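In what follows, a structure is listed as structure tokens, so that the remarks can point back to it.
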Amino acid sequence: MTPEMIVHGAEWTAKELFVYPNEFIYWSIQIVMYPYMTGLVAGAFVLSSLYHVFGQQDLKDMARFSLVFSLALLPVAMIPLLMHVQQPLRGMYVLFTPHFTSAISAFGIVFSTYAMIVLSEIWFVYRVYFVDQVQVLARKTDLGSRLKRLVYQVLTLGAYDISQDAVATDKKAVKILAAIGIPVACFLHGYAGFIFGSVKANALWMSPLMPVIFIMSAVVSGIALCMLTYIVIMEFKKFQAILARGRGDESVHLIVGAEIDVISKTSRYLIGFLVAAISLEMLDLIFRGYTAMKSWDILRSVMYGKDFVNIFVLQYGLGNLVPFILLLLPKLTIKRTALALVLVLFGVFMMRWNVVIGGQAFSLTFSGFMHYHLPIIPHNLETYKEGLLGALTVAALPFIFFWVINKFVPSLKEN
Amino acid sequence: MSFSRRKFLVTSLKGAIGAALPISAFRLLSPAEARAVVGDASRRWVFLVDTTKCVGCGLCVKACKKENEVPYDAPVTRTWVERYVVTRDGQTHIDSPNGARDGFTDPRIDDQEIPAEEITKAFFVPKLCNQCENPACVQVCPVGATFQTRDGVVLVDRNWCIGCGYCIMACPYGVRFFHPVYKVAEKCTFCYHRISKGLESACVQACPFEARRMGDLRNMEDPVTQIIMNERIAVLKDEYGTKPQVFYIGLDARVR
């Protein structure tokens with residue numbers, strides 16, 4: 001195929017009945033990943049703030065971890081957009097000439113505000129640790145330690161005062177930042193919902209409930225991912241400790257792994273937000289059916305017909321109902337929680353999928369359909385970027401970032 | 001290190017002023033100021049489509065693709081023609097093969113034979129950008145790369161568009177697409193490069209039946225304006241509040 005013939009979207013769009021000639025599924029998998037990742041960022045931050053602001057002591061261990069994890073997720077929220085836009089090198093133009101009637105133009109401002117809040121909150125939480133490290137590493141002379149010390153020296157930003165007064169001020173700052181951070185995190189994600197909800201041309205998206213639904217499901221997915229990662233890491237550490245003990249290394253003391261106490265308490269918050277998210281989605285659905293506007297005929301045939309499995313079986317059934325029951329059944333175990341969390345994460349992903357792809361499953365003509373075929377094996381840059389591999393790249397990045405960040409900001413050590 | 005609050009504030013202020021100085025060499029344009037540079041405010045370009053005259057030959061689509069360098073065989077087009085066939089059972093059969101670039105040469109729609117005696121009415125509807133008075137595409141562009149000229153035409157700056165596709169999603173008429181070569185949003189411009197030099201747009205010039213015409217709504221003597229003011233006309237999808245400026249004669253309720 002000559003480059004002249006490569007029409008963006010034509011590769012993965014199959015048309016049925018009457019669809020306008022220029023209509024294709026222009027917003028594909030990366031636009032599913034974008035609100036998904038943004039949601040995880042916002043959710044992780046809200047989880048950590050529950051401890052810092054509202055003093056939920058039961059969340060203490062989770063709070064540090066989810067704050068640092070939220071930082072690891074932060075750059076990843078932006079990457080799907082860069083992989084999606086046709087002119088990624090012009091991405092900066094959003095900051096140069098923001099056109100404020102557009103919901104997307106706020107991205108640069110909201111995103112950087114949020115980034116600053118997360119970074120400064122982490123700095124205040126870990127400042128004492130940085131200072132300690134500078135002092136501890138001063139005694140070592142090998143190159144690695146010297147480099148590491150240099151990094152920590154930079155990280156302290158020259159603030160070496162760890163007197164009681166200074167530490168108290170730090171704590172106060174953390175509290176204030178966490179409190180400001182909650183509305184900003186909600187705004188960061190709510191406006192991602194607004195990007196969709198305000199598209200008046202799209203019958204499925206256009207709803208004032210969209211931003212609120214997005215925030216609720218964001219918190220659900222954020223909490224779920226933090227819990228899941230926490231469980232996996234703690235269980236892995238336990239496993240390592242057992243192995244080391246088995247090799248005869250008596251200096252290692254056994255770790256208990258993930259605490260069911262922490263997990264079951266966090267899962268209560270998860271259930272609360274899950275209920276809120278589902279209620280809003282149901283309200284939206286019922287309202288559309290009851291008012292039965294012009295678009296309802298085609299929406300109904302998409303929701304109850306073409307996308308039935310995606311919406312009702314995978315999203316509501318497997319992604320919401322099953323984990324809901326799993327978490328509510330008595331005698332919660334770590335394994336069962338982990339399974340429920342995986343399903344919750346899958347459910348939120350399917351919700352994003354059904355909004356983004358489902359919103360383009362029908363034509364603007366209301367008399368035709370479009371089917372999305374996710375490119376699995378890439379044969380050019382576009383099918384990589386907007387295909388399965390591109391999505392997996394985006395999904396893997398936060399864990400890589402977390403691994404790096406955690407080298408300097410240990411979020412999993414017990415206090 | 002001793003660093004008083006006062007000293008900190010003073011130093012920060014100095015730093016901020018120092019950083020702001022080079023920026024002050026630039027002038028910040030409001031969108032209205034930037035817009036005023038393009039177009040002649042004494043005109044308002046409008047389009048008039050007489051669907052009763054269209055025979056679906058597709059010469060307009062062909063002419064448009066060639067004039068505006070939209071790759072000829074790519075499945076996207078700035079303008080297209082739709083065919084509507086209504087049958088006795090109340091069904092509407094619609095198609096636009098290749099945007100009707102080669103006309104309608106096959107009587108089948110969606111591989112379905114429609115017996116002539118079953119047909120109650122059939123007609124063609126040309127489509128193009130509505131150059132809306134309140135364009136949703138301009139509203140949603142995050143970088144202001146798409147804008148409305150003072151004479152009412154919506155254009156795209158190919159050097160500034162980031163290719164996010166938000167405008168494509170926002171247009172209720174489906175007229176926008178990504179240009180296969182330039183990789184930026186592309187749309188019908190009423191052949192702005194021609195009309196602003198006093199020429200006719202490619203599709204208007206190519207139409208053998210005067211089904212497509214263009215006029216200036218600010219000029220009451222303009223024959224197109226006369227028709228818009230004196231006769232019964234319709235627009236597409238006015239429920240979106242975009243105030244489309246392509247007017248149709250003989251528009252059927254079944255037109256999408």
Side-chain angles (χ1 to χ4, degrees), chain A residues 2-10 15-24 26-27 31 81 84-108 158-161 195-196 198-202 205 293-294 359-360 363-368, chain B residues 1 3 31 71-78 80 82 92-100 109-110 127 136 138-147 159-166 168-187 237 239-242 256:
Chain A
T2 55
E4 289 227 317
M5 287 294 293
I6 296 177
V7 171
H8 182 79
K15 296 183 178 184
E16 185 190 340
L17 299 172
F18 182 57
V19 177
Y20 291 136
N22 297 330
E23 270 188 285
F24 294 100
Y26 287 105
W27 282 6
I31 303 296
L81 290 180
H84 160 75
V85 294
Q86 294 285 289
Q87 302 283 350
L89 294 177
R90 297 181 187 169
M92 282 301 279
Y93 292 5
V94 181
L95 298 175
F96 294 162
T97 55
H99 186 240
F100 287 115
T101 56
S102 167
I104 297 183
S105 71
F107 181 81
Y160 288 99
D161 184 359
I195 289 176
F196 294 97
S198 64
V199 176
K200 59 185 170 188
N202 192 304
W205 293 347
M293 304 284 278
K294 193 178 171 184
Q360 298 168 86
S363 164
L364 292 168
T365 61
F366 293 163
S367 7
Chain B
M1 186 166 56
F3 208 73
Y72 197 67
D73 288 319
V76 284
T77 176
R78 287 181 171 201
W80 67 95
E82 294 165 4
T92 315
H93 306 265
I94 320 166
D95 74 342
S96 181
N98 239 332
I109 292 182
D110 273 322
K127 294 271 184 85
V138 172
Q139 183 187 30
V140 301
C141 178
V143 293
T146 188
F147 56 98
N159 295 318
W160 207 255
C161 172
I162 61 170
C164 67
Y166 204 13
I168 301 178
M169 305 311 294
C171 173
Y173 307 99
V175 300
R176 284 178 171 248
F177 55 93
F178 279 125
H179 195 288
V181 178
Y182 301 113
K183 308 282 177 205
V184 290
E186 173 79 5
K187 69 182 284 296
K237 299 186 183 180
E239 67 271 23
Y240 291 104
T242 49
R256 305 292 174 164

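Every value quoted in this text rests on a predicted model; they were computed, and no experiment measured them. Note on naming: letters A, B, ... go to the chains in the order of the sequence lines (proteins, then strands), and numbering restarts at 1 for each one.
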Contact origin within [X] toward chain B - heavy atom pairs under 4.5 Å:
{"X": "A/Gln360", "answer": "side chain"}
{"X": "A/Phe24", "answer": "side chain"}
{"X": "A/Ser363", "answer": "neither"}
{"X": "A/Leu17", "answer": "both"}
{"X": "A/Val94", "answer": "both"}
{"X": "A/Ile31", "answer": "neither"}

So which residue, [options], ends up with the most heavy-atom pairs under 4.5 Å with chain A?
{"options": "B/Gly165, B/Ala136, B/Gly241, B/Ala185", "result": "B/Gly165"}
{"options": "B/Val140, B/Val175, B/Asn98, B/Thr242", "result": "B/Val140"}
{"options": "B/Gly174, B/Cys164, B/Gly144", "result": "B/Cys164"}
{"options": "B/Lys237, B/Lys127, B/Met169", "result": "B/Met169"}
{"options": "B/Pro172, B/Pro75, B/Pro142, B/Gly163", "result": "B/Pro142"}
{"options": "B/Pro97, B/Ala170, B/Ala100, B/Ala145", "result": "B/Ala170"}

Donor-acceptor pair, side chain of [X] and main chain of [Y], under 3.5 angstrom:
{"X": "B/His179", "Y": "B/Val181", "result": "yes"}
{"X": "B/Tyr240", "Y": "B/Cys171", "result": "no"}
{"X": "A/Thr365", "Y": "A/Phe18", "result": "yes"}
{"X": "B/Tyr166", "Y": "A/Ile195", "result": "yes"}

Looking only at A/Val199, A/Leu364, A/Asn202, the option with the highest number of non-hydrogen pairs under 4.5 Å against chain B is A/Leu364

Sort out for me which of A/Gly359, A/Ala10, A/Pro21, A/Ser105 touches chain B most, counting heavy-atom pairs under 4.5 Å.
A/Pro21

Checking side-chain polar atoms at under 3.5 Å, does B/Arg176 have a donor or acceptor matched by the opposite partner on B/Thr146?
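A donor-acceptor contact under 3.5 Å links the two side chains.
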
Less than 3.5 Å apart, any donor N or O on the side chain of B/Ser96 or A/Tyr20 sitting next to an acceptor on the other?
no

Between [X] and chain A, which part of the residue has a heavy atom less than 4.5 Å away: side chain, backbone, both or neither?
{"X": "B/Glu239", "result": "side chain"}
{"X": "B/Asp73", "result": "both"}
{"X": "B/Ile168", "result": "side chain"}

Side-chain contact test, heavy atoms from C-beta onward, threshold under 4.5 Å: evaluate it for B/Cys161 versus A/Gln86 and give yes or no.
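Not touching, per the 4.5 Å side-chain cut-off.
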
B/Glu82 versus B/Asp95: any side-chain heavy-atom pair under 4.5 Å?
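They are not in contact (no side-chain heavy atoms under 4.5 Å apart), so the answer is no.
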
Working to the nearest 0.5 Å, report the span between [atom1] of [X] and [atom2] of [Y].
{"X": "B/Ile162", "Y": "A/Arg90", "atom1": "CD1", "atom2": "CZ", "answer": "9.5 Å"}
{"X": "B/Phe177", "Y": "B/Glu186", "atom1": "CZ", "atom2": "CD", "answer": "4.5 Å"}
{"X": "A/Glu16", "Y": "B/Asp110", "atom1": "CD", "atom2": "CG", "answer": "8.5 Å"}

